[in-house]
Amino acid sequence: MNKTYNPLEVEDKWYEYWMEKQFFASKPNPEKEPYTIVIPPPNVTGVLHMGHMLNNTIQDVLIRRARMQGKEACWVPGTDHASIATEAKVVKMLKEKGIEKRDISREEFLKYAWEWKEKYGGIILEQLKKLGASCDWNRTRFTMEPEMSKAVIKVFVDLYGKGYIYRGARMVNWDPQGKTAVSDEEVIYKEVQSKLYYVKYKIKDDNEWLTIATTRPETILGDTAVCVNPNDERYQHLIGKKVIIPIVEREVPIIADDYVDMEFGTGCLKITPAHDLNDYEIGLRHNLEIIDTLNEDGTLSEAAGHYIGEDRFIVRKKIAKDLQEKGQIVKVEELTNKVGFSERTDAVIEPRISTQWFIKMKEISKPAYENVMNDNIQLVPPKFKNTYRHWMENVKDWCISRQLWWGHRIPAYYLPDGSYVVAETQEEALKIAQEIQPGITAKQLVQEEDVLDTWASSWLWPISVFDGITKPNNEDINYYYPTNDLVTAPEILFFWVARMIISGYEYRQEMPFKNVYLTGIVRDKQRRKMSKQLGNSPDPLDLIKKYGADGIRTGMLFSSPAGNDLLFDEKLCLQGRNFSNKIWNALRLVKEWNVKDEATSEVNKESIVWFDARFNQVLAEIEDHYSKFRISDALMSIYKLCWNDFSNWYLEMIKPAYQQPIDRATLEATLIFFEKLMKVLHPFMPFISEEVWHQIKEREADDCIIVSNYPTTETFDENILLEAEAVFETIINIRNIRNQKQIGKNEPLELCIKTSSPKVYKDFEAVLLKLGGLSTINFVENVVEDAVSFVYKADEFYIPLADQIDPEQERQKLQNELQYTEGFLNSVNKKLSNERFVNNAPEKVVTIEKQKRTDAENKIASIKAALAKLN
RNA sequence: GGGCUCUUAGCUCAGCUGGUUCAGAGCACCUGCCUUACAAGCAGGGGGUCACUGGUUCGAAUCCAGUAGGGCCCACCA
């Protein structure tokens, strides 16, 4: 066996074997409790990034543990069609080929898009396999495959029928580059340097002028009012009068509205209802005309009357110049303000009135609100409950139409007169249409061009992956739904999680999942979010090659409590890899031993008793961590159990002298411990644990750790652990003395113990002798002279080393100890002499304090005695 | 601007309803070791006024208020 562990071949070997054995596959089994996770479907054309790595590692940990616990574990993988992102990629790809989207038909475009999807789709799933993800790949779904599309359309028609879907003119975030509306969530506000133009408007039939501050002078063309605060004394006399809009020379009213901030700019606001959300609302309140001055590509429209066809930013400069020439610019100030950008195309978002499809959210989201508030569905960590509540209490209607081609086309069909019908298929639509307008033909029905927002399909994911919409009573949905845990990023709490909860209650009358584990964002050491643009994100596959999947999995989980950002550093993977190696070497040690049928030595008996108790203690800790979704803590407990308790203590205790055999009972006990450790480790490090499992002994083909039984918590004797701790402390003290006095570890020492409870040390006497490198242990009644001493709790220890003692040093050590203990006693006495403490504190606390006092007093007495001997 | 949340060792974080499991873990650091499982290691060790200021209490990292500084979400100011 190699001195260092080589993960590469091992990992590929076992993943193939697991697949071959169908260990990931799941089907409904009434005998077993289901445990289900649906993957947050990554973009179909995406590639694996560090966020996915973290996310899917956590899911794999949970699913593997559940599988070992005997549950029917089912992890459903799949991909999302990601309408805007994918369409943008395809458009770009076509452009590189010299094809413009506007020059080809919808059908042609979709052909290209599907080709693209076939080529790149699913790469990400292949990458997940390298990570070790134990998804049931037979169940892989795609949000735009026929059955899932059917579900989306069915839901649309259903919601329409229930009156939850409406079509309306609304102010939307318009992406002029993507030429589509985007949701509020897809707008990113960035601080930019812009100019604040102070523009003079002439008052009609008056010689007065009004000055108005604006950052977007091109919108002047769409102004239909000027607004002041009703309490603003400066402008009282102007309310009700008219002003003349520069350039277009249109007369508009001066109105008053509370919205206007008297402090900002001139306290006077121009109103452009077509291109500003607040202006739009003010417009509604005051019945203002709406003039849409923009085309869908961000150029000025006919309605603007001027600069037609020119881009809005060019017009901004031109207008500024033209106004300057007319003397209507008072001044220009620099201003930092926030401007919305499209998440997908990075174009500046323009608020724009357009006709869109909406889902009414208020009523439909009620159960989703309540069931998170009452903890039927638990968010982990719980701090996200507040965020969730805030959003749900202010939930706005959901704009679900997108002016794209890649996606689910809205099943609305327009009649020649502009009215429309909604139906699942063209045929049904025709039938309905004919009832309204007899004689209408299929050709006269035109389907809506828009497609649905991506989230309008993924919000059904936990149901639709089991075909629960199209076949609401099938075996899978009945068995697997509701799912158990959802692991995802907090950024999509509203986009996705909240909406899945809403659809879950609407379509299954049941929550989609019990727990939502929100991961952090993966950042670099400087706390910058990892992104392609910054180039600070390592390639996950390179990392896997370098450290092994097990190494990365643990590296990421060492430090990522739920909801906390993960500050990723390759060093963490190094730690993971080193851990693999440690395990590997422990295995090598154990495998090298020869067995001999002989009686088990005292030291081995003691060791086995101790480790058995210790294992069960830590296992209980681990289970507690899992129950609170403290995945990092669970891993850390396992790490320390393997490294410190098992390797550094236990194996050292039982390790035979060089080339000496070990007795059979001890070896067998040790192998069982090793197996148990590997089982507990398996969810985190699936590959090495499987490899070790098979190295421990020859096994049947189906006897794999992935499907072995997870250890159950057993009771343990806490007293044994306390005793062992005292013995370990003693050993550490002895080693420390050896260090200080430069005594080699092979030089036997004599130890004298002055204690009121010798049993503690007698129970582990053989261990103490072996690891302390002692020749004898004497229990004494009095202080030992000419000895190096140390104290553990109330017990005193002496190592007679007459020739090695520096009396001054010993005295100093004792003095320090004395001083500390006296101070400690002092504080305890203070507490105990405080009547209010004795009267108010619980009895238990007082008893403990009294015990502390006696212990300290005893300790002081013996330190003093030792000092006296030194003098 | 509104809401939420955080500040503990050099770094990342634990510390549940106030009291010996109360100042902890991992990493990093320092010292000594190439000791036949492992230098990707072993043994040992040093690091913290628990952001600041008050208050409640017999007792505060823990509860309350204020201050300073982070973070997240929502809204977006012309």
Side-chain angles (χ1 to χ4, degrees), chain A residues 1 3-5 184 189 196-197 212-216 219 227 259-261 263-272 276-279 335 337-340 381 383-391 393-394 490-491 493-494 521 525 527 547 551 558-561 563-567 569 571-572 574-575 577-593 628 630 632-633 635-637 639-640 643 647-648 651-652 655 658-659 731-733 735-740 742 744-746 793 828 830-831 834-842 844-846 848-849 851-852 855:
Chain A
M1 280 174 87
K3 254 180 150 180
T4 47
Y5 172 66
D184 291 346
Y189 287 90
L196 185 59
Y197 300 88
I212 290 166
T214 177
T215 52
R216 293 158 68 208
T219 61
C227 190
Y259 170 77
V260 179
D261 178 359
E263 306 297 318
F264 190 90
T266 59
C268 201
L269 180 65
K270 64 187 223 40
I271 304 296
T272 323
D276 183 284
L277 183 59
N278 292 302
D279 290 9
L335 178 83
N337 66 341
K338 284 189 172 175
V339 174
K383 66 175 176 184
F384 286 107
K385 235 173 106 171
N386 286 325
T387 320
Y388 182 87
R389 183 186 58 219
H390 192 254
W391 192 76
E393 281 173 356
N394 299 290
E491 298 129 75
L493 185 60
F494 309 125
I521 295 167
K525 267 165 79 183
R527 286 199 177 269
Y547 303 100
F558 273 132
S559 180
S560 48
N564 274 35
D565 288 354
L566 168 62
L567 271 51
D569 184 344
K571 274 186 200 158
L572 289 166
L574 202 63
Q575 196 185 343
R577 185 200 65 177
N578 292 355
F579 185 35
S580 303
N581 208 43
K582 185 70 192 175
I583 290 162
W584 188 245
N585 280 296
L587 175 71
R588 285 178 56 220
L589 174 67
V590 173
K591 283 199 74 169
E592 271 169 20
W593 289 336
K628 295 169 181 145
R630 305 169 77 141
S632 284
D633 291 346
L635 171 61
M636 190 47 73
S637 294
Y639 178 80
K640 287 191 283 183
W643 202 309
S647 295
N648 292 355
L651 290 179
E652 289 302 323
K655 188 156 110 183
Y658 182 52
Q659 287 193 331
I731 293 166
I732 287 168
N733 269 300
R735 285 170 176 168
N736 193 9
I737 286 166
R738 284 184 190 274
N739 248 0
Q740 284 169 7
Q742 308 249 314
K745 66 169 199 170
N746 293 324
K793 291 193 174 161
V828 174
K830 224 162 135 187
K831 253 190 219 176
N834 185 332
E835 254 179 64
R836 282 188 287 185
F837 171 74
V838 181
N839 294 337
N840 296 331
K844 203 179 84 188
V845 175
V846 179
I848 289 167
E849 288 301 310
Q851 184 58 46
K852 275 155 74 175
D855 285 354

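Every chain is numbered from 1 and lettered A, B, ... according to where its sequence line falls, protein lines coming before strand lines.
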Quiz prompt | Short side-chain to backbone donor-acceptor contact, Asn585(A) and Asn581(A), under 3.5 Å | solution = yes
Could you identify the nucleotide paired to [N], looking across every strand shown and requiring Watson-Crick or G-U wobble geometry with both distances under 3.5 Å?
N: C22(B); value: none
N: A65(B); value: U53(B)
N: C4(B); value: G71(B)
N: G41(B); value: C33(B)

Can you measure [X] atom [atom1] to [N] atom [atom2] for me and round it to whole angstrom units?
X: Lys582(A); N: A39(B); atom1: NZ; atom2: P; value: 9 Å
X: Asp565(A); N: C6(B); atom1: CG; atom2: C1'; value: 12 Å
X: Leu567(A); N: G70(B); atom1: CG; atom2: P; value: 17 Å
X: Ile583(A); N: A37(B); atom1: CD1; atom2: C1'; value: 13 Å
X: Tyr5(A); N: A37(B); atom1: OH; atom2: P; value: 22 Å
X: Ile521(A); N: G70(B); atom1: CD1; atom2: C1'; value: 15 Å
X: Arg216(A); N: C76(B); atom1: CZ; atom2: C1'; value: 12 Å
X: Glu652(A); N: U36(B); atom1: CD; atom2: P; value: 12 Å

Please determine whether a side-chain nitrogen or oxygen atom of [X] lies at a distance below 4.0 Å from atom OP1 or OP2 of [N].
X: Asn736(A); N: A43(B); answer: no
X: Asn564(A); N: C13(B); answer: yes
X: Asn578(A); N: G41(B); answer: yes
X: Asn648(A); N: A43(B); answer: yes
X: Arg527(A); N: U12(B); answer: yes
X: Lys383(A); N: C6(B); answer: no

Heavy atoms under 4.0 Å, any strand shown: does [X] hit a base, just sugar-phosphate, or nothing?
X: Val590(A); result: nothing
X: Gly267(A); result: base
X: Asn278(A); result: sugar-phosphate
X: Ser559(A); result: sugar-phosphate
X: Asp276(A); result: sugar-phosphate

Quiz prompt | 5' precedence on RNA chain B between Glu491(A) and Leu574(A) (nearest-nucleotide basis) | solution = Leu574(A)
Quiz item: Given that Leu651(A) and Asn581(A) both sit by RNA chain B, which one's nearest nucleotide is further toward the 5' end?
Solution: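 Per heavy-atom nearest nucleotide, the more 5' residue is Leu651(A).
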Quiz prompt | Proximity to the side chain of Leu277(A) - top-ranked nucleotide from C74(B), C76(B), A37(B) | solution =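 Side chain of Leu277(A) sits closest to C76(B).
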Quiz item: Is U20(B) syn or is it anti, if syn means the base angle is within 90 degrees of 0?
Solution: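 For U20(B), whose glycosidic angle is more than 90° from 0, the conformation is anti.
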Self-check item: Syn-anti status, with the boundary at 90° from 0, for the nucleotide G47(B)
Solution: syn
Self-check item: Sequence-aligned protein contact record of nucleotides 16-35 of chain B, with B where the base is within under 4.0 Å of a protein heavy atom and S where only the sugar-phosphate is
Solution: ---BB----SSS--------
Quiz item: Between Asp633(A) and Lys628(A), does a salt bridge (Lys or Arg N to Asp or Glu O under 4.0 Å) hold up when you go through it step by step?
Solution: CA-CA 10 Å; Asp633(A) 291 346; Lys628(A) 295 169 181 145; over 6 Å; no
Quiz item: Do Lys3(A) side-chain and C38(B) base share a donor-acceptor contact under 3.5 Å?
Solution: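 No, no donor-acceptor pair under 3.5 Å.
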Quiz item: Can you find an N or O donor on one side and an acceptor on the other, under 3.5 Å apart, linking the side chain of Arg735(A) with the base of A43(B)?
Solution: no
Quiz prompt | Reported CE-to-CZ distance for the pair Met636(A) and Arg630(A), which is rounded to 0.5 angstrom | solution = 13.0 Å
